[in-house]
Amino acid sequence: MDKNILIETAQKMMLKPKGILAMDESSPTIAKRLASINVENNENNRRRYRELIVTTPELSTCISGAILFEETFDQKMSDGTLFREYLNSIGILPGIKVDKGAKDFSCHPGEKVTEGLDGLGDRLSDYYAKGAKFCKWRAVITIGDNIPSDACIESNMNALARYASLCQENNLVPIVEPEVLINGAHSIETCNEVTRRSLKSLFNNLDMLNVYLPGTVLKPSMVISGQENQSRADRNTVASMTLECLQDCVPELTAGIAFLSGGQTDEEAETHLNIINNQANLPWRVTFSYARAIQAAALASWGGNDENIKKSQEILFDRASKCSMASVGSL
Ligand code: 13P
């Protein structure tokens, strides 16, 4: 592990006024996205869509790094350039999602545990040799009747820490993503309690495994009411409870924080980030690592039709620049 490499990469990822573009939808998720616009889910269409995203003019003014799915990381664009090399050439760091997905957690109905540690060290050294600079691993915590269990939180956070340690051994900055799902009718207070439990466990596990925090980026969900809650907390409450939770649970040494959008509307995702960045003296850089809140409108506008590429890229750029402005509180 070379701490200087990790710090240099993490600082580039967190450069103002940029954020991280998540475009690493797994096979089942990209299948859903393409189905939503009636486009067949095949390798060529996945390439066409992702090529539209990365060739958006001026994208690198708002985006510091892009998280790719394994397929895209090794895929060529229509002119034969590898996606990862193209990104590098336009000043966007290529990253890769390395977990193998959230699977049903044995003997814990309704809960998930993320898999992918077997053989991970060898995979990571290969990704680094091919030019990856950072990685992502997503853990999923579900709120419901009597869940999450401590077993679910602890198992997921320990796996995140083991992944992070393997990344750093290979000079890759780990993005650690403990996502508390927005699905359900729970209150913001319940989300707050679960997010705190998850983050405390995560940083305990990172500490236990000697993970180097200045070379680690946290990708959390916000503290927010469940989507089906009848009296959802307002924007200022979401921003202030999220910030308080992070201040209580995230060590200042952490390289930075980049939120997921997690089913928030585009407007919510950017407004919450903007309010948070209007608070004085944040101990870490706080930015975005959105997938849906950057891509959704552009995907719908494209609809699989090449004639719509330019319009769709304009929409994508507009979304990315709003998030970029929110990341410095100037929306
Ligand atoms: P969303 O912004 O759509 O939640 O996606 C972020 C992500 O990378 C989930 O793993």
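This is a predicted model, so every value here is computed, not measured. Ligands are counted one by one from 1 in listed order, and the atoms in each one are counted from 1 as well.
Within the listing of ligand 1, atoms 8 (O) sit less than 4.0 angstrom from a heavy atom of Ala22. Listed by number with element, the atoms of ligand 1 under 4.0 angstrom from any heavy atom of Tyr290 are 2 (O). Close approach of ligand 1 to Gly262 (heavy-atom distance below 4.0 Å) involves ligand atoms 1 (P), 2 (O), 4 (O).
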Tyr127 and Phe73: CA distance, side-chain angles, deciding distance, ring pair (Phe, Tyr, Trp, His ring centres under 6.0 Å) verdict: CA-CA 9 Å; Tyr127 298 147; Phe73 187 76; 5.7 Å; yes
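Contact of the Glu71 side chain with the Arg50 side chain is registered, since non-hydrogen atoms from C-beta on lie closer than 4.5 Å.
The single protein non-hydrogen atom nearest to atom 1 (P) of ligand 1 is Ser261 OG, 3.3 Å, given as residue, atom name and distance.
Atom NZ of Lys133 and atom CD1 of Ile5 lie 8.0 Å apart (nearest 0.5 Å).
An N or O contact shorter than 3.5 Å links Glu177 to ligand 1 by distance. Ligand 1 has an N or O atom lying under 3.5 Å from an N or O atom of Ala291, backbone or side chain.
Judged by the shortest distance from any of its heavy atoms, Lys136 lies inside the 4.0 Å radius around the atoms of ligand 1.
Between Glu115 and Lys100 there is no salt bridge, since no side-chain N of the basic residue sits under 4.0 Å from a carboxylate O of the acidic one.
Considering Met23, Lys219, Arg292, Glu25 only, the shortest heavy-atom separation from atom 6 (C) of ligand 1 involves Lys219.
Looking at Arg292, Gln295, Arg33 one by one, the single match for side chain to side chain donor-acceptor pair (under 3.5 Å) with Glu25 turns out to be Gln295. With Glu70 as the fixed residue, the salt bridge (Lys or Arg N to Asp or Glu O under 4.0 Å) test singles out one of Arg46, Lys97, Arg123: Arg123.
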